[in-house]
Amino acid sequence: MVDSIYRRYSSLTSKTFMRLVFLGPPGIGKGTQAKMFSKKFDIPHFSTGDILRSEIEQKSSLGLKAESIINSGHLVSDDIMLNIMEKRLQQDDVKTGYILDGFPRTILQAEGLDKINKRLQQRLDAVIALDGDEETTIKRISSRRSCRNCGAITNIHIDSIKEEGKCNHCGGELYQRDDDKPEIIRKRWLVYQNQTEPLINYYRNKSLLLKVSGIGTIKEVTNSILLELE
Ligand code: AP5
Ligand code: MG
């Protein structure tokens, strides 16, 4: 079904938009949409949240530093995030493009990304800002499960799970994130409104902003994003 949506926009290819940012509040669907676009257009996808959670899983020094910050709903420092992205965006697999999900998240990070892109003689093509309300996203996040093995995102109320507690794609263990308690989601929303929402004007002023409603079915949101990109 989703494939037929993409066929409707057959003029779009990975060459049309090579460097995209997905911006938006917690639970609005950044990861869900970014993963689908990455697969469809064969562009690498980075979720800074996933990168940090993998560091926590490995108990690295970064993971140990980030764990309590993430579980309290606050942001990891700009220095740390810029350092991670600076290294990552210099690797060969992202020379022709990338989809960023959850980065940048502050004006300082956005300015840092501009500097990285300038040094690498490249630029962003579009910033997709997904929009929605807090109560809808709390409901969505409460029924989200993530795969420990392949990172696939599942919603236990939307997707039919083939085997209880197992990922439909790879059979890996499904788990609920530690920062997905309603009181922490509300804190993440506040942090989003104070520190990330100003990026909407930042990118509007650079004529890169595409504002899309994140409310509706996953397919409807995909369709709206494709329409805006076209
Ligand atoms: P991060 O992992 O980025 O979390 P987030 O921004 O709060 O967003 P989520 O991942 O919770 O939601 P999403 O928008 O990806 O939604 P999803 O597609 O999963 O960051 C976590 C933490 O890491 C931060 O709080 C911070 O501490 C730290 N961090 C990360 N990046 C950082 C940075 N750059 N700087 C500093 N700190 C940073 O969808 C949610 C659910 O809804 C799923 O179940 C899904 O199936 C379902 N769903 C999706 N779309 C729909 C739809 N249209 N209809 C119905 N259900 C839907
Ligand atoms: Mg996400």
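Note that ligands are numbered from 1 as they come in the structure, with each ligand's atoms numbered from 1 the same way. Values in this document were obtained by computation on a predicted structure and should not be read as measured data. We use all heavy atoms of the structure for the numbers below, so side chains are in, but hydrogens, waters and symmetry mates are not.
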task: Drop me the distance from Ile185's CD1 to Ile141's CD1, to the nearest 0.5 angstrom.
output: 4.0 Å
- request: Return a yes/no value for Asp180: is any of its N or O atoms, backbone included, closer than 3.5 angstrom to an N or O of ligand 1?
  value: no
- prompt: Can you find a heavy atom in the side chain of Ile225 that is under 4.5 Å from one in the side chain of Leu130?
  reply: yes
field: Residue Gly31 vicinity, atoms of ligand 1 by number, heavy atom under 4.0 Å
entry: 13 (P), 15 (O), 18 (O)
message: As a check for students: among Ile56, Ile153, Asp101, Thr48, identify the option with a heavy atom nearest to atom 43 (C) of ligand 1.
response: Ile153
task: For the pair Ser72 (side chain) and Ser68 (backbone), establish whether a donor and an acceptor sit closer than 3.5 Å, ignoring hydrogens and angles.
output: yes
query: Does any N or O atom in Ile28 lie less than 3.5 angstrom from one in ligand 1, N or O only?
result: yes
- request: Would you indicate whether the side-chain heavy atoms of Asp133 and Ile215 approach each other to under 4.5 Å?
  value: yes
- prompt: With a 4.0 Å heavy-atom cut-off (strictly under), which part of Arg145 contacts ligand 1: side chain, backbone, both or neither?
  reply: neither
- prompt: For Ser47, is the nearest heavy atom under 4.0 Å from an atom of ligand 1?
  reply: no
message: I want to check a possible cation-pi pair here: Lys206 against Tyr202, using under 6.0 Å from ring centre and within 45° of the ring axis as the test.
response: yes
message: Side chain, backbone, both or neither: which applies to Arg144 and ligand 1 if a contact is any heavy-atom pair less than 4.0 Å apart?
response: both
task: State, with a plain yes or no, whether a side-chain heavy atom of Thr196 is found less than 4.5 Å away from one of Leu23.
output: yes
field: Proximity to ligand 1 by part of Thr217, non-hydrogen separation under 4.0 Å
entry: backbone
- prompt: Can an N or O of Gly29 be found at a distance shorter than 3.5 Å from an N or O of ligand 1?
  reply: yes
- prompt: Can you tell me which residue and heavy atom of the protein come closest to atom 29 (N) of ligand 1, and the distance to 0.1 Å?
  reply: Leu52 CD1, 3.5 Å
query: Out of curiosity, is Gly27 lining ligand 1, as in a heavy atom under 4.0 Å away?
result: yes
- prompt: Taking the non-hydrogen atoms of Thr154, is any one of them nearer than 4.0 angstrom to ligand 1?
  reply: yes
- prompt: Would you call Met36 and Thr222 a side-chain contact if the rule is heavy atoms closer than 4.5 Å?
  reply: yes
message: For the 3.5 Å polar cut-off, considering only N or O atoms, please tell me whether Gly102 and ligand 1 meet it.
response: yes
message: Nearest non-hydrogen contact with atom 10 (O) of ligand 1 belongs to which option: Glu220, Lys30, Arg177?
response: Arg177
message: I need the atoms of ligand 1 closer than 4.0 Å to a non-hydrogen atom of Gln109, numbered in the order shown.
response: 33 (C), 34 (N), 35 (N), 36 (C)
Ligand 1 N/O within reach of Ile70 N/O, cut-off under 3.5 Å: no
query: How far does CE of Met85 sit from CD1 of Ile51, to the nearest 0.5 angstrom?
result: 5.5 Å
query: What's the shortest distance from atom 39 (O) of ligand 1 to any protein heavy atom, and which residue and atom give it?
result: Thr32 OG1, 3.6 Å
statement: Closest to atom 42 (O) of ligand 1 by heavy-atom distance, out of Gln33, Lys139, Arg140, is Arg140
message: Between Arg119 and Glu86, does any side-chain N to carboxylate O distance fall below 4.0 Å?
response: yes
- prompt: Hey, mind stepping through Asp180 and Arg140 against salt bridge (charged side-chain N to carboxylate O under 4.0 Å, His left out) and telling me if it holds?
  reply: CA-CA 10 Å; Asp180 280 354; Arg140 285 183 185 177; over 6 Å; no
task: For the residue pair Leu113 and Leu100, establish whether any side-chain heavy-atom pair is separated by less than 4.5 Å.
output: yes
- request: Ignoring angles and geometry beyond distance, decide whether Gly73 reaches within less than 3.5 Å of ligand 1 through its nitrogen or oxygen atoms.
  value: no
message: Please state which option from Met81, Arg105, Arg188 has its nearest heavy atom closest to atom 20 (O) of ligand 1.
response: Arg105
